[in-house]
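Worksheet: the structure to be examined is printed underneath.
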Amino acid sequence: MNKSAPLAGLRILVVEDAFLVALDLSDELADAGCDVVGPAPSVQQALEQIDGVELDGAVLDVNLQGERSFPLAEHLAARDVPFVFLTGYDSATVFPDQFRDSPRLSKPVDTRVLIEAVARFGNREH
């Protein structure tokens with residue numbers, strides 16, 4: 001594994017409504033070698049950006065200006081695309097049952113933790 005680009009070649013969707021946070025996440029993933037799709041600030045824009053696109057994984061903010069990203073997570077799960085939630089929530093109560101055990105990272109997310117979480121996507125068998 002290339003230490004300077006540990007995520008080389010992974011196509012990762014970033015869904016985050018806070019513009020500066022979205023840029024930071026995208027830059028951190030790109031610096032680690034990802035091909036970043038997005039960032040998308042809403043479920044609808046994310047769905048439009050990934051139409052016909054093969055993804056290796058996704059980083060989803062849970063709360064998108066009051067909208068939840070769970071419908072997008074359902075869409076990704078149906079396509080067998082792994083994802084990790086980003087959340088400021090510490091309670092599992094906001095998560096629907098099917099996502100209660102999904103991986104999640106607390107915001108603000110540490111770059112190293114983000115890279116480690118996304119690296120797990122690349123270790124999956126396709």
Side-chain angles (χ1 to χ4, degrees):
M1 184 186 317
N2 181 346
K3 270 291 193 214
S4 62
L7 307 180
L10 292 183
R11 184 172 290 156
I12 304 297
L13 171 67
V14 173
V15 180
E16 167 62 64
D17 62 333
F19 182 72
L20 293 176
V21 175
L23 284 181
D24 282 348
L25 290 170
S26 297
D27 287 348
E28 290 167 4
L29 291 170
D31 288 348
C34 288
D35 177 8
V36 175
V37 178
S42 71
V43 169
Q44 185 59 42
Q45 287 186 14
L47 288 170
E48 290 168 6
Q49 288 184 10
I50 64 173
D51 186 35
V53 175
E54 288 292 321
L55 293 172
D56 294 299
V59 177
L60 308 176
D61 184 15
V62 171
N63 186 355
L64 303 166
Q65 296 178 344
E67 172 187 35
R68 299 286 192 255
S69 62
F70 302 129
L72 178 58
E74 288 174 10
H75 178 79
L76 294 170
R79 289 175 57 181
D80 198 31
V81 175
F83 52 85
V84 61
F85 288 113
L86 297 182
T87 181
Y89 302 108
D90 57 353
S91 169
T93 58
V94 300
F95 286 83
D97 287 344
Q98 78 257 41
F99 300 125
R100 192 108 344 123
D101 297 324
S102 296
R104 67 189 115 184
L105 303 175
S106 295
K107 292 169 83 175
V109 64
D110 178 82
T111 302
R112 185 181 51 77
V113 173
L114 175 67
I115 300 304
E116 287 173 1
V118 172
R120 292 189 196 107
F121 302 158
N123 296 332
R124 290 175 9 115
E125 289 297 316
H126 286 286

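Counting from 1, the numbers follow the sequence of the chain as shown. Heavy atoms only: backbone and side chains are in, while hydrogens, waters and symmetry mates are out. All of these numbers come straight from a predicted model, not from anything done at the bench.
Between Val81 and Gly57, the shortest heavy-atom contact is CG1-CA, 3.7 Å. When all heavy atoms are compared, the tightest approach of Ala40 to Gln45 is CB-C, 4.0 Å. Between Leu10 and Gly122, the shortest heavy-atom contact is CD2-CA, 3.8 Å. When all heavy atoms are compared, the tightest approach of Val118 to Cys34 is CG1-SG, 4.3 Å. Minimum heavy-atom separation, Ser26 to Val36: O-CG2, 3.6 Å.
Taking the side chain to side chain donor-acceptor pair (under 3.5 Å) definition, one finds that Ser42 meets it with nothing, sequence neighbours left out.
The CD atom of Glu16 sits 9.5 Å away from atom CG of Asp24, with the distance rounded to the nearest 0.5 Å. Expressed to the nearest 0.5 Å, how far OG1 of Thr111 lies from CG of Asp27 amounts to 10.0 Å. Note that CD of Glu116 and CG of Asp110 are 8.5 Å apart. Values are rounded to the nearest 0.5 Å. From Asp35, atom CG reaches atom CG of Leu29 across 11.0 Å, with rounding to the nearest 0.5 Å.
Between the side chains of Glu48 and Gln44, at least one donor N or O sits under 3.5 Å from an acceptor N or O.
A salt bridge is absent between Glu28 and Arg112; no separation between the charged side-chain nitrogens and carboxylate oxygens falls under 4.0 Å. Salt bridge Asp56/Arg11: absent, no basic N to carboxylate O contact under 4.0 Å.
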| query | side-chain contact (heavy atoms from CB on, under 4.5 Å) between Val37 and Ile50: does it pass, once the steps are laid out? | reply | CA-CA 8 Å; Val37 178; Ile50 64 173; 4.3 Å; yes
| request: Just do the side-chain contact (heavy atoms from CB on, under 4.5 Å) check on Arg68 and Asn63 with the steps written out, would you? | output: CA-CA 5 Å; Arg68 299 286 192 255; Asn63 186 355; 3.6 Å; yes
| task | Might you work through the side-chain contact (heavy atoms from CB on, under 4.5 Å) test for Asp101 and Phe95, ending with a clear yes or no? | result | CA-CA 9 Å; Asp101 297 324; Phe95 286 83; over 6 Å; no
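Sparse packing is recorded around CD of Glu54, with 12 or fewer heavy atoms of other residues, nucleotides or ligands lying under 6.0 Å away.
Leu25 has its side chain within reach of Val109: a pair of non-hydrogen atoms, C-beta onward, lies under 4.5 Å apart. No side-chain heavy atom of Asp61 sits under 4.5 Å from any side-chain heavy atom of Phe85. Using a 4.5 Å heavy-atom threshold, the side chains of Glu67 and Val43 count as touching. Contact check for Leu47 versus Asp51: no side-chain heavy atoms found under the 4.5 Å cut-off. Annotation: side chain of Leu13 is in contact with side chain of Leu72 (closest heavy-atom distance under 4.5 Å). Within the 4.5 Å cutoff, side-chain heavy atoms of Leu114 are placed close to those of Leu105. Counting only heavy atoms from C-beta outward, the side chains of Leu7 and Ile12 never approach each other to under 4.5 Å. Here the side chains of Phe99 and Arg104 are not in contact, with every heavy-atom distance at 4.5 Å or above.
Transitive grouping of hydrophobic side chains (ILVMFWY, heavy atoms separated by less than 4.5 Å) keeps Phe19 and Val14 in distinct clusters. Linking Ile, Leu, Val, Met, Phe, Trp and Tyr whenever their side-chain heavy atoms come within less than 4.5 Å leaves Leu23 and Val21 in two separate clusters.
Annotation: Phe83 is not in aromatic contact with Phe121 [ring centroid separation under 6.0 Å not met].
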